[in-house]
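Remarks on the structure that follows.
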Amino acid sequence: MEQKYNPHEIEAKWRSIWPKERDSYKLQPGDEPYYVLDMISYPSSEGLHMGHWRPYTIADVWARYNTLLGKKVLSPVGFDAFGLPAENAAIKNGRHPADYTVQSMGNFTRQIQEMGKMYDWSTLINTSSPEYYKWTQWIFTQLYKNGLAYKKAAAVWWCPSCQTVLANEQVISGECERCGSEVIRKNLSQWFFKITDFADDLLSFEGLNWPAQVKTLQTNWIGKSQGAEIDFKVVNSEDVIRVFTTRPDTLMGVTYIVVAPEHTLVTALMTDETKGKVEAYVLDASKKSDIDRMADDRTKTGVFTGSYVIHPITNAHIPVWVADYVVGTYGTGAVMAVPAHDQRDYEFAQVYDLPIQTVIEPVVGTPQEHPEYRQSIVALVHDPKQDRYLTINWGEMGGTLLIGGGREEGEDPVACAQREIEEETGYSNVAFINKTETIHHSYFAHSKNVARAIDAVGVSFELASDATTATRLEAAEQGKFTVEWLTADEADKRIIDPLHRCVFERFAKGNVYTGYGVLVNSGEFDGLTSEVAKDKIVAHLESQGRGRLTTQYRLRDWLISRQRYWGAPIPVVTCEKCGEQVVPDDQLPVVLPKDVEFLPTGGSPLERHPSFKHTTCPTCGGDAIRETDTLDTFVDSSWYFLRYTDPKNPSAPFSLEGVKAWLPVDFYVGGTEHSILHLLYARFVMKALHRLGHVPYHEPFQTFFGNGMVYLNGKKMSKSKGNIVNPDDMVKRYGVDAMRGYILFMGPADQDVEWQENGITGVSRFLDKAWQSFAKVDSSNNATSLSPAIQKAYQDVNAHLQRFTFNRCISSLMIALNEVNGHVNKAEAEVLIRLFAPFFPHFAEEVWSNLGHTSSIFEATWPEVKIEASQTASYVVQVNGKLRATLDVLATAEENEVIALASELTAVKSHLEGKSIEKTIFVAGRIINFVVR
RNA sequence: GCCGAGGUGGUGGAACGGUAUACACGAAGGACUUAAAAUCCUUUGCCCAAAAGGCUUGCGGGUUCGAAUCCCGCCCUCGGUACCA
């Protein structure tokens with residue numbers, strides 16, 4: 001059967017044999033369900049590109065691997081055919097979106113099937129079909145009925161090219177996520193989903209195996225910040241200006257108040273004298289685009305309103321200014337300005353010559369110079385290895401610290417840390433601030449004090465699953481470090497507090513001091529540390545009803561309405577008598593009519609379709625008007641993974657049993673560019689459905705694998721840049737398996753890679769050589785022993801699969817093939833080819849068949865190989881850490897024997913002569929290091 | 001500015017604190033061939049004629065018997081974010 005490897009023939013053959021539809025979402029008793037998913041894509045006529053191939057290949061490898069492990073794998077497929085991208089492409093091609101997407105889906109289907117993906121086409125869904133969007137609309141009505149969908153007038157982003165509003169998440173650096181046009185602000189009445197209701201829930205990634213980077217991105221996007229609201233009563237008026245601040249400890253340093261130009265009180269605040277100037281300023285600000293406001297030149301501008309407010313503690317009169325450095329949409333749209341301790345306020349004060357009042361003084365110096373502030377140091381950590389003492393300053397870290405793991409069951413971690421620290425240090429006034437439930441990775445990273453302390457002692461943090469934590473805990477358990485608490489006197493003698501060094505640096509750079517410290521010029525609060533002062537000042541205000549603790553988020557509600565045609569109609573009807581109401585379930589779907597003048601003109605196209613717009617009221621039967629906006633396509637894709645578990649169900653969006661069995665998705669693959677779009681929306685919808693009792697879980701994706709992008713000439717591949725590599729051409733030349741192999745071999749799957757055309761020849765040659773080796777297998781040879789090379793390949797491929805280092809899987813297979821040098825016995829071939837199978841499915845299937853098997857290799861099981869211990873051990877021999885020789889000995893050799901042999905090696909001996917051996921490092925089976933002098 | 005990821009040969013990239021440069025591409029030389037392609041063999045981090053030896057993971061320090069890896073201080077590249085109080 002010696003013949004040349006002909007990938008095209010083999011691949012076409014197996015694709016015609018493999019079943020396309022398998023109903024794999026239907027579970028049988030005893031099945032172990034495993035859900036592998038890649039992100040639903042919108043079908044474009046341009047076809048598949050590298051952006052599809054990479055995640056698709058990764059997901060397919062994982063699906064096939066898990067199939068071989070004996071799991072029942074669901075690997076579904078569908079198209080997100082609704083939405084702007086599809087509609088824009090249709091318009092460009094002069095077609096109706098419905099026809100255009102049907103054609104594109106046909107092309108896509110053919111191309112995907114040519115990839116040899118293990119998709120189950122019986123799951124096929126199309127978000128633009130009434131059978132699907134009926135349930136997208138149903139989800140809207142469910143959220144509406146529970147107060148999670150609402151319409152309101154707001155300043156929203158508008159894309160002048162796409163002629164529609166956009167969600168905040170869809171504006172990338174001031175440009176439309178789809179077309180790249182500069183967006184502008186408009187005041188419009190729009191529909192929103194109340195994602196802010198879930199802000200805190202979305203901050204927790206507990207139990208999820210997600211890349212830290214994506215978690216950080218989402219955490220920053222949500223932007224939680226804790227502080228206080230403080231009310232400033234306007235002089236000679238009943239009006240109150242409410243400000244938000246994270247620094248209530250600086251209240252005594254407030255020298256003016258700033259409101260945003262959009263603030264509702266601006267008109268009331270201006271006086272006859274200032275009216276002209278203020279109105280001109282506000283008008284000017286409204287004309288300024290956000291792009292201008294984002295420009296580099298940030299010279300602060302503003303104008304005095306003519307009004308004053310009363311300071312809630314001193315009763316002093318404080319001037320109120322309008323300035324556009326305060327944004328109207330965050331917090332309360334007003335700030336208390338503390339120019340002494342805030343960079344922006346300082347700059348503004350400089351421009352308009354406003355008073356600057358210092359109220360915080362940093363603690364400069366060492367603790368022994370300032371014993372009175374010792375309360376702000378919460379932990380002293382001793383690292384015996386380096387004999388150094390570290391402090392942890394709670395104010396810097398904002399999180400939960402578990403000291404030594406002595407937490408009793410159910411005990412609050414903060415309380416525990418406080419108790420332990422107080423017990424251990426004898427410090428009585430330990431100050432805690434920012435008591436958040438968990439430490440997020442970002443907090444952890446920018447607190448150098450804490451990071452240092454953890455490294456030194458392995459203090460356990462309550463972090464979401466994070467590899468570095470495990471390593472550190474391990475170190476602590478192995479007793480590499482101990483925690484030693486000093487008395488204050490002992491510590492004072494030896495400690496240098498890193499925080500204080502940091503303070504010096506800030507001053508050296510000439511910045512405004514924005515850190516924590518001790519209050520001065522603050523009357524009754526003088527001498528308190530920032531941490532303590534915050535609590536006391538807020539408590540004081542609260543007792544008078546002038547302030548309270550509060551939390552702000554950067555996250556805004558999700559704007560879901562679009563003034564475009566190609567989307568699910570928002571299922572709302574407004575009747576003069578009965579008011580606004582959602583369409584009842586039995587009248588869903590609200591069908592999107594086809595005969596619509598859909599070219600974007602700024603208004604909703606459905607508005608111009610009288611028989612759609614004018615309808616009857618579901619309640620009273622009278623005349624009523626339909627909502628003519630359509631839903632953002634991200635709504636369609638925020639629940640599709642649920643539909644796959646029961647894709648044809650006509651009476652429900654999904655079945656509870658299906659969701660219970662399959663969700664959360666075990667392995668989800670896609671580009672990290674969706675970190676704060678799709679991935680955040682999908683989590684929100686899942687949490688909302690969970691709150692309403694429709695699903696038993698609140699997270700959709702257990703493991704998310706974010707694949708990197710493929711670049712060409714240093715830039716993301718895109719048609720407009722003209723730097724596209726067409727996968728089809730590669731497949732035509734080298735075959736699908738070579739293409740898959742190369743996609744994986746290029747580099748780590750989670751990192752961006754630069755496309756190198758030549759690289760694929762290496763994989764192609766490898767397959768060719770492998771083919772020759774398998775073809776030579778002597779099937780009459782009954783030997784069962786497996787060569788060390790095959791054993792190693794088995795070990796390595798397994799290890800690399802666990803770590804998702806697919807590039808190393810391929811190189812391990814290459815190494816094995818080089819090692820066996822064209823000769824494998826039948827037993828070895830049967831193991832090796834199954835290791836090939838997830839990566840090179842067609843190739844493996846053909847070889848498997850040639851080896852005499854009548855059923856598919858994917859009905860076989862992943863091999864189990866017993867690893868035999870090696871007979872010999874190979875030592876590296878060093879002198880003073882420099883490599884001098886290698887030494888092969890029997891694995892059973894004793895330590896002193898090996899050392900004796902090593903010291904006699906000529907290459908070693910010459911470096912030992914005339915010197916005395918101070919120490920000999922011996923690591924069994926690995927290394928010998930002679931330390932000489 | 002802030003947050004995150006990264007910096008290793010000519011290139012893509014390997015390396016639980018333990019032989020740095022695996023695997024592959026490319027290049028050079030050779031074999032086969034009338035010739036080319038394909039294939040096979042050899043060489044391929046730098047210095048030195050070779051050997052011996054020395055140097056080398058962005059830069060500078062440190063810890064360690066031993067550092068690409070850990071710590072401290074910098075520089076550069078790429079992503080995210082942006083007057084968020």
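All figures in this text were calculated on a predicted structure; none of them were measured in a lab. Chain identifiers are assigned alphabetically (A, B, ...) following the order of the sequence lines, protein sequences preceding nucleic acid strands; residue numbering begins at 1 within each chain.
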Checklist entry - With a 4.0 Å cut-off on heavy atoms, is A:Q213 in touch with a base, just the backbone sugar-phosphate, or nothing at all? => result sugar-phosphate
Next on the checklist: Please classify the nucleic acid contact of A:N807 as base, sugar-phosphate, or nothing, using heavy-atom distances under 4.0 Å.
Outcome noted: sugar-phosphate
Tell me: [atom1] of [X] to [atom2] of [N], nearest whole Å?
| X | N | atom1 | atom2 | value |
| --- | --- | --- | --- | --- |
| A:L549 | B:A85 | CG | C1' | 16 Å |
| A:I921 | B:G66 | CD1 | P | 9 Å |
| A:M709 | B:A5 | CE | P | 17 Å |
| A:K215 | B:G80 | NZ | C1' | 17 Å |
| A:L744 | B:G12 | CG | C1' | 14 Å |
| A:L912 | B:C65 | CG | P | 18 Å |
| A:L767 | B:U39 | CG | P | 13 Å |
| A:N220 | B:U81 | CG | P | 10 Å |

Using a 4.5 Å cut-off on heavy atoms from C-beta on, say whether the side chain of [Y] contacts that of [X].
| X | Y | answer |
| --- | --- | --- |
| A:C809 | A:F745 | no |
| A:I360 | A:T250 | yes |
| A:K224 | A:T551 | yes |
| A:I917 | A:V931 | no |

Checklist outcome for this item: Its glycosidic angle compared against 90° from 0, B:G6 adopts the form anti
[N]: pairing nucleotide in any strand, Watson-Crick or G-U under 3.5 angstrom:
| N | value |
| --- | --- |
| B:A52 | none |
| B:C2 | B:G80 |
| B:C74 | B:G58 |
| B:A24 | B:U11 |
| B:A31 | B:U39 |
| B:C65 | B:G18 |

Next on the checklist: Under 3.5 Å, is there any donor-acceptor pair linking the side chain of A:E673 to the base of B:G79?
Outcome noted: no
Checklist entry - Quantified in whole Å, what is the P atom distance between nucleotide B:A51 and nucleotide B:U63? => result 36 Å
Item to check | Inter-nucleotide P distance (B:G18, B:C70), Å rounded | outcome: 11 Å
Selection from [options] that lies nearest to any side-chain heavy atom of [X]:
| X | options | value |
| --- | --- | --- |
| A:R554 | B:G54, B:U81, B:G4 | B:U81 |
| A:V931 | B:C65, B:A82, B:A85 | B:C65 |
| A:V876 | B:U19, B:A82, B:G4 | B:U19 |
| A:K882 | B:G18, B:C83, B:C55 | B:C55 |
| A:Y325 | B:G54, B:C83, B:A85 | B:C83 |
| A:L883 | B:G4, B:A20, B:C65 | B:A20 |
| A:T216 | B:G53, B:A85, B:C3 | B:C3 |
| A:R803 | B:G13, B:A15, B:U19 | B:A15 |

Next on the checklist: Heavy-atom nearest nucleotide on RNA chain B for A:L217 versus A:V753: which residue maps closer to 5'?
Outcome noted: A:V753
Item to check | A:Y330 vs A:Q878, nearer the 5' end of RNA chain B by closest nucleotide | outcome: A:Q878
For the residue pair [X] and [Y], confirm or rule out a side-chain donor-acceptor distance under 3.5 Å.
| X | Y | value |
| --- | --- | --- |
| A:S874 | A:D888 | yes |
| A:Q218 | A:W210 | no |
| A:D768 | A:Y5 | no |

Checklist entry - Is the distance from OP1 or OP2 of B:C3 to the nearest side-chain N or O of A:T219 less than 4.0 Å? => result no
Item to check | Geometric class of the A:F766/A:F836 ring pair [parallel <30°, tilted 30-60°, perpendicular >60°] | outcome: parallel
Next on the checklist: Counting primed atoms plus P, OP1 and OP2 as sugar-phosphate and everything else as base, spell out the protein contacts along nucleotides 22-31 of chain B at 4.0 Å heavy-atom distance: B, S or - for each nucleotide, 5' to 3'.
Outcome noted: BBSSS-----
Item to check | A:K300 charged N/C atom sitting above A:Y325 aromatic ring, 6.0 Å / 45° | outcome: yes
